[in-house]
Amino acid sequence: MRWSHYFIPTLREDPADAEVISHRLLLRAGYIRQLGAGIYSLLPLGWRVAQRAMKVVREEMDAIGGQEFFLPAIHPAEVWKESGRWEVMGETMFRLRDRKGADMCLGMTHEEVFTTIARHEIRSYKQLPQVWYQIQTKFRDEERPKSGLMRLRQFIMKDAYSFDVDKAGLDRAFEDQREAYKKIFDRCGIKYHIVEASSGAMGGSESNEFMARTSAGEDFIAVCDACGYAGNLEKATSRIAQVEDEAGPAAPEAFPTPGVRTIEDLTTFPGGAAADRQVKTLVYLATDGATREQYAVLALLRGDHQLHEVKLADSLGASEVRPAHPEEIRDLLGASAGSLGGVGARDRATAAKQKLRIVADSALEGRRAMTTGANKDEHHLRGVDVERDIRPDSWADLRTVSAGEACPNCEGGTLDVFKAMEIGHIFKLGTKYSESMGARVLTQEGKEAPIVMGSYGIGVERILSAAVEQSHDADGIVWPRAIAPFDVVVTVTNVKQQEITDAGERLYAELRRAGLEVLLDDRDERAGVKFKDADLIGIPFRLTVGKKVTDGKVELFDRATKQSEDVSIDGVVALVQTRALSGL
RNA sequence: CGGGGCGUGGCUCAGCCUGGUAGAGCGCUCGGUUCGGGACCGAGAGGUCGGAGGUUCGAAUCCUCUCGCCCCGACCA
């Protein structure tokens, strides 16, 4: 391509609306333009990068036997009603009506459509396994689109689905995808961690997220520095030192605690207790995932621990949990936050004619002689034995892991906690969709069984933003070679000097003949402007054609290292070819 | 959805509080000088001040409504 006629609208100044680095650079370097909140146009450079990323994705999907489809982006409501997700997806789904008044929606994902195909066409175990995928535009009316390409309302996704007769087949398919994903992100030059994650609205038993570390990320993940264990904070656990309690009294005893509102207050209150010897009591309202019934929950944690709401929701099978309002707490327990406790809470809830569930964090197991609120304002109880006096309905991991805690998976490792963005997610769906939508096959034994499914997604735009987040400097983007829009830019320092222009043209032609994607900067601009622009848009290599052509030399500049070297024109094509294409 | 902020030439922003002929820098066009890290001089083009209504002799500026965008939180495959 000739820069003089190629559309690369670079901006000298930072766009005002862009906050995160990838958004700023993609905008400034002329890769994207915004159309609306969470809706972006990919300009020629941006589309090139997206296409190269998709090429990598296709190659790795095909390598594990994936078959590419192209499914509709607009769906009749029926299939979503069958799976039950017409309601579940709520406001996030873009909905519309056709001229006959029939409900339609824009596809957020394609489990329903692929399952529809599978149930019509797949009858026998002999037709399995299948691995189907597509690269499609998805629509999600996110409550808060943000950060450029990171959270979009319209985006491109590679979504793959596996269909197997049994769990073992699913395990294999899942493992294949996992390996393929590793190759994809490795090739795209993105550093990532594979974490265990909560399956959320997708359902299913197991899921792994591929997370790219960046301060612009929306999730926190915990990663072990020794063994590589990694978990989304929604799922991550850690090992903490056990606290040994002395024997407590035969029954809890109440004592007045005027002015005490917080765990912290009680640690310094005379006759109080250290935070790790207190039981923190949080009141939540949960909505059951299946029945939609709402009920109250007491979440019990050690005083110095933080609740993770997703863990709470997961442990309850709730679709939604929220902290109870002050009035709701008082109605339920007869006291205000700061004096709440699990002892006798069940009786109070019964008296208030409310359903209550008590969930305790596993760090509380076996604990006794604890201190907690008395459900009477400014009073607490000491000598509480959690099991004996509170009798929780269930025990679960509710605690938020924090940095510096010990790895649950190895000896001696320490967890680090940092922000990351989700770039891929693989799920073992099991039979959730095949059962609700009736996709069944006859097994070898002649029995009918639901197809066992998996679902595997990669956000294409997120590959771009993750790459830019992880690979840039003060001058601009530094593209990983596999997804750079061009392999090399040939910068003609002065188009008014014939011998320089001629040399540039010759190199441009030869490099292209050598199979490289080449951008020729033939603009009538000063050299400085061209260098700045080339750095900004982030092409991995720059060949500067200038005065030295008279000595048969050009300059090869490596964008990543910023090293440049004079090389002879004769050998330069082969040199660039090996450097630009090696290891891709 | 709660909180905060912002809409003024293509871009970044000033002007608004205290109403009175719409500004700057960058970019763009033309001419000249320059020419290896975002040049300089000169001459130009370009704006219904997001939209609607209102107050006023007069509104970018004050009031009301509305649309859009950004950020924080909640939420989230």
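Note that these values count all heavy atoms, side chains included, but never hydrogens, waters or copies made by symmetry. Order of the sequence lines sets the chain letters (A, B, ...), proteins ahead of strands, with each chain counted from 1.
Straight-line distance from the CD1 atom of A:I537 to the P atom of B:G38: 18 Å, rounded to whole Å. When rounded to the nearest whole Å, the span between CG of A:L233 and P of B:C75 equals 14 Å. As rounded to whole Å, 9 Å separates atom P of B:C35 from atom CG of A:N494. In this structure, the CZ atom of A:F155 is 16 Å from the P atom of B:C76, given to the nearest Å. Atom CD of A:Q34 is separated from atom C1' of B:C11 by 15 Å (rounded to the nearest Å). A straight line from CG of A:L11 to C1' of B:C28 spans 14 Å, rounded to a whole angstrom. Here B:C69 presents its P atom at 13 Å from CG of A:L152, a figure rounded to the nearest Å. Note: NE2 (A:H308) to C1' (B:C75) measures 13 Å, nearest angstrom.
Separation of the P atoms belonging to B:C71 and B:A24 is 31 Å when rounded to the nearest angstrom. The same atom, P, is picked in B:C67 and in B:C75; the two are 26 Å apart, to the nearest Å. A distance of about 10 Å separates the C1' atoms of B:C16 and B:A59, rounded to the whole Å.
Between the side chain of A:E555 and the base of B:G36, a donor-acceptor pair under 3.5 Å is found. If you check distances only, the side chain of A:R542 does reach the base of B:G37 with a donor-acceptor pair under 3.5 Å. Checked by distance alone, A:R140 brings no side-chain donor or acceptor within 3.5 Å of a matching partner on the base of B:C76. Between the base of B:G38 and the side chain of A:D533 there is a donor-acceptor pair shorter than 3.5 Å.
Aromatic ring orientation, A:F210 versus A:Y192: tilted (interplanar angle from 30° to 60°).
A 4.5 Å side-chain heavy-atom check between A:F69 and A:Q136 finds every atom pair outside the cut-off.
Between A:D219 and A:R153, the residue anchored nearer the 5' end of RNA chain B, judged by the nucleotide with its closest heavy atom, is A:R153. Residue A:K532 is the one, among A:A37 and A:K532, whose nearest nucleotide of RNA chain B lies closer to the 5' end (criterion: closest heavy atom).
Residues A:Y6 and A:F486 place their aromatic rings such that the two centres sit under 6.0 Å apart. Here the two rings, on A:H23 and A:Y31, have centers that are 6.0 Å apart or farther.
In this model, the phosphate group of B:C35 is not approached by any side-chain N or O of A:K496 to a distance below 4.0 Å at OP1 or OP2. Distances shorter than 4.0 Å separate some side-chain N or O of A:R526 from OP1 or OP2 on B:A39.
Across all strands shown, the partner of B:U29 is B:A43, judged by Watson-Crick or G-U wobble contacts whose two distances both fall under 3.5 Å. B:G37 is unpaired under the criterion used here, namely a Watson-Crick or G-U wobble arrangement in which both key atom distances are under 3.5 Å. Remark: B:A60 base-pairs with no nucleotide in the shown strands. Criterion, Watson-Crick or G-U wobble with two distances under 3.5 Å.
Nearest to the side chain of A:V529, among B:C70, B:C11, B:G38, sits B:G38. Considering only side-chain atoms of A:R12, the nucleotide from B:G36, B:G38, B:C69 that sits closest is B:G38.
A donor-acceptor pair shorter than 3.5 Å can be found between the side chains of A:E469 and A:T214.
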Would A:D566 and A:K548 count as a salt bridge (Lys or Arg N to Asp or Glu O under 4.0 Å) here? Give the steps. CA-CA 9 Å; A:D566 289 342; A:K548 293 172 205 155; 3.2 Å; yes
